[in-house]
Participant: 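Below is a structure I'd like to ask you about.
Source: prediction; values computed, not measured. First the proteins, then the strands, lettered A, B, ... as listed; each starts at 1.
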Number of protein chains: 2
Amino acid sequence: MNSQETESSFLENYNIHEFDIPLTSVDMTIFTIEDDTLKILLVKRAQFPSKGEWALPGGFINLKADDTLNDTVSRKLKEKTGVEISHLEQVATYGSASRDPRGWSVTISYMALISNNNITLTADESSEEVVWLPIEEIQKNYQLAFDHSTILAECYQRLKSKVQYTSLPINLLPNTFTLSELQKTFELILGYGIEKKSFRRRLLAADIIAETGEMRVGSNRPAKLYCPKSSSKEHLFQRSIEGPRE
Amino acid sequence: MNSQETESSFLENYNIHEFDIPLTSVDMTIFTIEDDTLKILLVKRAQFPSKGEWALPGGFINLKADDTLNDTVSRKLKEKTGVEISHLEQVATYGSASRDPRGWSVTISYMALISNNNITLTADESSEEVVWLPIEEIQKNYQLAFDHSTILAECYQRLKSKVQYTSLPINLLPNTFTLSELQKTFELILGYGIEKKSFRRRLLAADIIAETGEMRVGSNRPAKLYCPKSSSKEHLFQRSIEGPRE
DNA sequence: GTAATAGTGTCTATAAGACACTATTGA
DNA sequence: TCAATAGTGTCTTATAGACACTATTAC
């Protein structure tokens with residue numbers, strides 16, 4: 001190597017295509033709640049490889065259009081759901097020679113939470129069908145394309161574990177909700193019931209939601225409506241929900 | 001597209017070099033303890049770009065030699081430190097058009113913990129110097145190459161936060177240690193002192209370390225030596241260390 | 001004996017779980 | 001009135017922090 005070389009002359013002569021580099025993509029596990037069930041978004045692949053199989057939505061980085069990885073993910077999310085995402089979090093990165101038949105590939109997985117308010121799902125050229133499916137049913141009866149079953153399981157695990165010490169589930173609800181609705185959401189993800197008093201004490205002490213002044217009315221005592229205070233969609237509680245004692 | 005096409009004919013005609021894909025690398029924050037100080041490994045870059053600047057060790061995936069991302073990281077770790085790593089954990093992935101002057105690039109960051117038992121650092125063709133430096137000093141006085149200051153900060157944050165609810169610091173010590181030595185390690189990372197009784201109660205109740213029967217002798221009362229029980233290098237405590245009360 | 005560090009006994013404080021209780025609506 | 005859900009009062013339990021105490025070594 002020329003010892004007189006400068007950084008700019010080095011870069012001028014640098015050609016990325018001389019090197020063997022892996023394919024790099026993003027994949028998303030998008031959670032929502034529909035019919036009191038935790039569901040995630042799946043697409044049926046319209047193109048090879050794994051054409052016709054169910055997969056997590058995702059895709060390749062557009063080097064021209066995307067400035068950052070986050071741009072890639074936001075663009076893909078908009079394409080599929082058309083709505084603003086309430087919570088987006090990078091979960092893990094998978095890379096191997098065998099996970100994609102096209103060759104060495106790397107994928108960065110994200111978990112997204114959205115409120116199920118009037119979403120219209122839209123397929124694109126890469127997917128012929130886009131649907132919400134209950135996560136429990138996917139894990140039981142579906143074999144996803146590539147290593148997407150693993151990716152999904154890890155995102156679900158991340159969600160379950162964060163429910164124990166954060167306020168994340170607020171992001172699955174519309175902008176106003178009752179404490180009972182919020183508790184039901186926590187319980188759905190945790191997989192077990194929480195003591196009502198403990199839950200209310202915990203949420204109210206955290207000072208992360210505010211009464212709207214409105215009430216949810218029904219065929220029983222009306223419930224106070226709350227909305228999240230700013231910056232409180234990922235509050236960290238000092239202690240975890242412990243679950244029922246024996 | 002030919003509707004008769006099969007997956008195998010698709011793959012035969014697939015040429016990865018037709019696409020614009022990002023450069024993909026791994027970077028590592030390797031922690032150890034030396035002179036009662038938390039240090040990390042830095043390399044001085046021997047090649048462009050950022051030649052001569054301090055950086056985290058890392059490098060590109062070798063598509064031939066590495067089967068998985070983990071192989072890449074293990075290979076790099078061996079190259080630099082020559083020792084077995086006690087704990088290795090993926091932390092985050094960074095991707096953007098601007099983080100590397102060679103073009104759109106993605107890097108996956110890892111945090112590693114190793115015991116400081118007779119390690120011989122070895123430089124390679126990409127680094128002219130390899131050193132352990134106190135993390136506090138790096139954060140104060142060093143401007144690292146690329147976005148490595150950010151990556152380092154995020155790994156350090158991950159370590160600090162896991163110390164509160166896991167047994168991770170065991171991985172920074174040799175195979176046998178006293179409870180006082182372990183406590184000092186926790187305190188070094190947390191940045192504040194822990195109540196001795198609380199610490200011992202917590203560690204012993206977790207049942208993750210065993211008495212070796214040996215004692216550490218000095219100019220005072222000898223201390224029991226412990227070694228980690230199997231599968232206990234990342235024990236999760238139910239509650240966090242809370243720190244001093246006001 | 002003293003200095004130094006190892007190790008314990010036992011109190012308080014905090015926040016979670018349990019569970020019985022009252023409150024407010026529609027029908 | 002009753003059914004249904006909202007919301008509270010208060011006791012118990014678990015585990016962290018505080019802090020004074022005792023134990024065992026070298027000198």
Participant: Base, sugar-phosphate or nothing for A/Leu179? Non-hydrogen atoms, less than 4.0 Å.
Facilitator: nothing
Participant: For B/Glu246 and for A/Thr178, find the nucleotide of DNA chain D with the closest heavy atom, then tell me which residue's nucleotide is more 5'.
Facilitator: A/Thr178
Participant: Mind calculating the distance between CD (A/Glu242) and P (C/dT14) to the nearest angstrom?
Facilitator: 17 Å
Participant: To the nearest angstrom, how far is B/Arg200 atom CZ from D/dT22 atom P?
Facilitator: 18 Å
Participant: Starting from C1' on D/dG7, measure out to CG on A/Asn220 and report it in whole angstrom.
Facilitator: 12 Å
Participant: C/dT8, D/dT13, D/dG7: which one has an atom nearest the side-chain heavy atoms of B/Lys196?
Facilitator: C/dT8
Participant: Are A/Ser180 and D/dT5 close enough that a side-chain N or O sits under 4.0 Å from OP1 or OP2?
Facilitator: no
Participant: Give a yes or no on whether a donor-acceptor pair under 3.5 Å exists between the nucleobase atoms of D/dG9, that is its base, and the side chain of A/Arg201.
Facilitator: no
Participant: Give the rounded distance in Å between these two atoms: CD of B/Glu195 and P of C/dT12.
Facilitator: 16 Å
Participant: Take the protein atom CZ of A/Arg202 and the nucleotide atom P of C/dT14, then report the distance between them rounded to whole Å.
Facilitator: 17 Å
Participant: How many Å lie between CG on B/Leu225 and C1' on C/dA6, as a whole number?
Facilitator: 12 Å
Participant: Would you find a donor on one side and an acceptor on the other, under 3.5 Å apart, between the side chain of B/His148 and the backbone of B/Leu56?
Facilitator: yes
Participant: Which comes earlier along DNA chain D counting from the 5' end, the contact point of B/Arg239 or that of B/Gly218, where each point is its nearest nucleotide?
Facilitator: B/Arg239
Participant: Ignoring hydrogens and angles, does a donor from either the side chain of A/Lys224 or the base of D/dG7 sit under 3.5 Å from an acceptor on the other?
Facilitator: no
Participant: Using a cut-off of less than 4.0 Å, is there contact between a side-chain N or O of B/Ser198 and OP1 or OP2 of D/dA16?
Facilitator: no
Participant: The criterion is salt bridge (Lys or Arg N to Asp or Glu O under 4.0 Å); which residues satisfy it with B/Glu79, sequence neighbours excluded?
Facilitator: B/Arg75
Participant: Kindly indicate whether a cation-pi arrangement holds for B/Lys160 with B/Tyr156, taking the cut-offs as under 6.0 Å to the six-membered ring centre and within 45° of the axis.
Facilitator: yes
Participant: Would you kindly give the CZ-to-C1' distance between A/Phe199 and D/dG7, to the nearest whole Å?
Facilitator: 14 Å
Participant: Does B/Thr178 offer a backbone N or O that forms a donor-acceptor pair with the side chain of B/Ser180 under 3.5 Å?
Facilitator: no
Participant: Considering only heavy atoms and no angle criterion, is a donor-acceptor pair shorter than 3.5 Å present between the side chain of B/Arg221 and the base of D/dA23?
Facilitator: yes
Participant: Mind calculating the distance between CG (A/Leu204) and P (C/dA16) to the nearest angstrom?
Facilitator: 12 Å
Participant: With distance as the sole criterion, do the side chain of A/Lys197 and the base of C/dG17 form a donor-acceptor contact below 3.5 Å?
Facilitator: no
Participant: When you check the phosphate oxygens OP1 and OP2 of D/dT25, does a side-chain N or O of B/Ser219 lie under 4.0 Å from one of them?
Facilitator: no
Participant: Check this for me: does any side-chain nitrogen of one of B/Glu89 and B/Arg158 sit under 4.0 Å from a carboxylate oxygen of the other?
Facilitator: yes
